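Lettering of chains follows the sequences in order, A, B, ..., and the numbering in each one begins at 1. We use all heavy atoms of the structure for the numbers below, so side chains are in, but hydrogens, waters and symmetry mates are not. The shown structure was predicted, so the numbers you read here are calculated from the model rather than taken from an experiment.
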There are 2 protein chains.
Amino acid sequence: MPNKNLTEREKGILSLVVKAYIDDAAPVGSRALVRRFDLELSPATIRNTMNDLEDAGLLEQPHTSAGRIPTDLGYRVYVDELMSPVELSPGEQAAIRDVLVDEGRGYIRDAATILDQTVRALGDLTHLLAVSLEPRLGKGIFEKIELVEMGGPKILAVLTIAKGFIRTLVLELDALVDSESLHETAQLINERLSGLPMRAIRESVRERMRDATAGDPKVLKLILSNSEDLFAPSAEEGSIHYWGTPHILALPEFADTERMVSLMGALEEKDVFLRILGQKRGEKGLTITIGEENQEGEIQFCSIVASPYTAREGSGTIGVLGPTRMEYSKLVSIVDYTARIMSEVLARVVHTPDQSKARTGIKKVRSE
Amino acid sequence: MPNKNLTEREKGILSLVVKAYIDDAAPVGSRALVRRFDLELSPATIRNTMNDLEDAGLLEQPHTSAGRIPTDLGYRVYVDELMSPVELSPGEQAAIRDVLVDEGRGYIRDAATILDQTVRALGDLTHLLAVSLEPRLGKGIFEKIELVEMGGPKILAVLTIAKGFIRTLVLELDALVDSESLHETAQLINERLSGLPMRAIRESVRERMRDATAGDPKVLKLILSNSEDLFAPSAEEGSIHYWGTPHILALPEFADTERMVSLMGALEEKDVFLRILGQKRGEKGLTITIGEENQEGEIQFCSIVASPYTAREGSGTIGVLGPTRMEYSKLVSIVDYTARIMSEVLARVVHTPDQSKARTGIKKVRSE
DNA sequence: GGTTAGCACTCTTCATTTGAGAGTGCCAAC
DNA sequence: GTTGGCACTCTCAAATGAAGAGTGCTAACC
């Protein structure tokens, strides 16, 4: 917890310095600050205060006799104690809402599509990099399995999990099985496992399916040997969506090739973002991570404003990444609003592993 | 077709200039060329020849009294007439083969996973941006449909197309239907449509399904009103994979922010690459597109070496993108080899719309 | 005629210089 | 506690100049 013993004046100056630096990306000096905000004080006084703030570790100078820029700690104090969230304009709200809400669209998109579209809107609205993590099945309850013959020795297993999540997996047998036995086998599995949590199934399928009386033994064996994957806890753990690399790459902060490469590498590699966003999924509300507060070295020159969202029984994360010099006060509102609306929308949506666009979305049709 | 009337000497010099420039990314001068390649001729002679090549439009000077760099046309002549493909070292071959070939892996990955892994290997091997387009169903033959009840009013339609391709789509009804009628409806559809090309079905489902005697009329109506999507020609037209942005962003060619932004924008937007790669899918063999030969303005400072690959009845594209200054002679071999192996591997794989990693891949299991 | 040496000229690059501008720290005075 | 004044520092941009690389051209050479 940062020093709270700041005078009112110090708080004010820190705020102004942060604001000015966010706008200009250039060190801000005492004289410039006075002129810019029509301060009643003289530059000299400001200088004294700035000096105190520097001693407190909230500001720093790139070199002697340059202006000051906020340190990570400075931003932290600003974010925690000084700024107040900016209300969104109706236009901004609409920009987000229109993308997310699907009224009049004629079909329900699946979660992946929604995330994709949302992340685009968010990235373009903030002019930063928007990132999101797909919802994970929380405590998934297994509903049922269907086995569909696919021609040749291949079988498509379709699992229905919790309310509305489905998972498909193609299994390959080395012998042909007629669809009758497939159906019987599926039925047997459903009788014994339906309603159980996925975890429980993973741990005890073999015992539960012992002494099978019906169904095809080969198929059953196939299912059992793949139970780790079939009944895995999370559906799409690995899926992140992002949008806006051109926005941030154009910022002066990323003129340095090394930073650029390290960020893009992290994005492509995905691991880094999985860790960061996955961690935030645990948090209760909106999170702000500033610069070196980040665990991941690749992006310690960046800040992230992120918020968890919920989708049925799963939950994910959506957020915005940019240089530490970012408009926290506005981004907080935008990200918070987005996550909120997203939770609303996703509450009504089925989660499928299908990744393609509207074409393979979920069509909502009036059957007249 | 570029001028063929080049003397042997001119061809030689052009080759050397291209090679030197590919290595150094700096304009190459006559004296430097002589020193570098231990030429028997004097710089003055080289100068004369270079002058001729400049007149022919194959070389250009960034400014008077700098060295020369190849023009797009210069590269074209080099590629078409002068270079010879470099054979791959066993190590390089192995690097590609190991990723693609799945022996000993224990499971068959789906097409998306294979593309993902291949593109990674290709990008890292070439130190450029590797891109690929997922295979498209060629002349798809509809095999059958299965309708799976999903809880609530939702139905999962599973289509089996051609040999081994499947497509899933979630449909939503506004009434509950028991699985018996679902099964009957599916059976009816299969009886009437199985074996027909997707195109034919799209055009004439309604007539073909007229006077339905069995099945649930509501479900049938739902299927009909979604036939455009269900029987759409291509499964995953929209999917491109890429890897290697950090590689190319680090190149001097991309120090210019504008180029960087325009390339990254095109990558995120996907449209540009869909057009480029989709077009190449039509071509017979490996294609080299140099600089402004590109139709798409966003990447007219880049070259692409790409090759189509085949997967069952579908076909896709895989290739490498980089600055026009790239090692064509080597890339040709690498891309060609990759596409070849990929076609081999994909011939044995089922294509599913499932995007996640190994977890939801296709498990190959000995049922014994 | 092709090839080459020589030479004047051009242009970039880099280091250096210089002046202006912005900013600081400190001191003394208010 | 606040401020004006002042010496000092540092960056930035423009200007300068020398070095280096390269060119084109001409005249001579084989």
Nearest-Å distance for atom pair [atom1]/[atom2], residues [X] and [N]:
X     : N      : atom1 : atom2 : value
B/L41 : C/dG1  : CG    : P     : 19 Å
B/E60 : C/dC11 : CD    : C1'   : 17 Å
B/L33 : D/dA21 : CG    : C1'   : 14 Å
B/N48 : D/dG24 : CG    : P     : 9 Å
B/L59 : D/dG22 : CG    : P     : 14 Å
A/H63 : C/dA22 : NE2   : C1'   : 10 Å
B/I46 : C/dT3  : CD1   : P     : 10 Å

Examine the base of D/dG24 for any acceptor or donor lying under 3.5 Å from a partner atom in the side chain of B/R47, and report the outcome as yes or no.
yes
Is the base of C/dT10 touched by the side chain of B/S65 through a donor-acceptor pair closer than 3.5 angstrom?
yes
Between [X] and [N], is there a side-chain N or O to OP1/OP2 distance below 4.0 Å?
X     : N      : answer
A/R68 : C/dG23 : no
A/N51 : C/dG25 : yes
A/S42 : D/dT3  : yes
A/T64 : D/dC10 : yes

Answer with yes or no after comparing the ring centroid distance for A/F254 and A/F301 against a 6.0 Å cut-off, counting only values under it.
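Between A/F301 and A/F254, which both carry aromatic rings, the centre distance is below 6.0 Å.
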Determine, for [X] against [Y], whether the closest basic-nitrogen to carboxylate-oxygen distance falls under 4.0 angstrom.
X      : Y      : result
A/K330 : A/E87  : no
B/R76  : B/E293 : yes
A/R9   : A/D52  : no

Picking from C/dT24, C/dC11, C/dG23, which would you name as closest to the side chain of A/A32?
C/dG23
Side chain of B/R31, heavy atoms from C-beta onward: which of D/dG22, D/dT2, D/dT23 has the nearest atom to it?
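Comparing D/dG22, D/dT2, D/dT23 against the side chain of B/R31, the answer is D/dG22.
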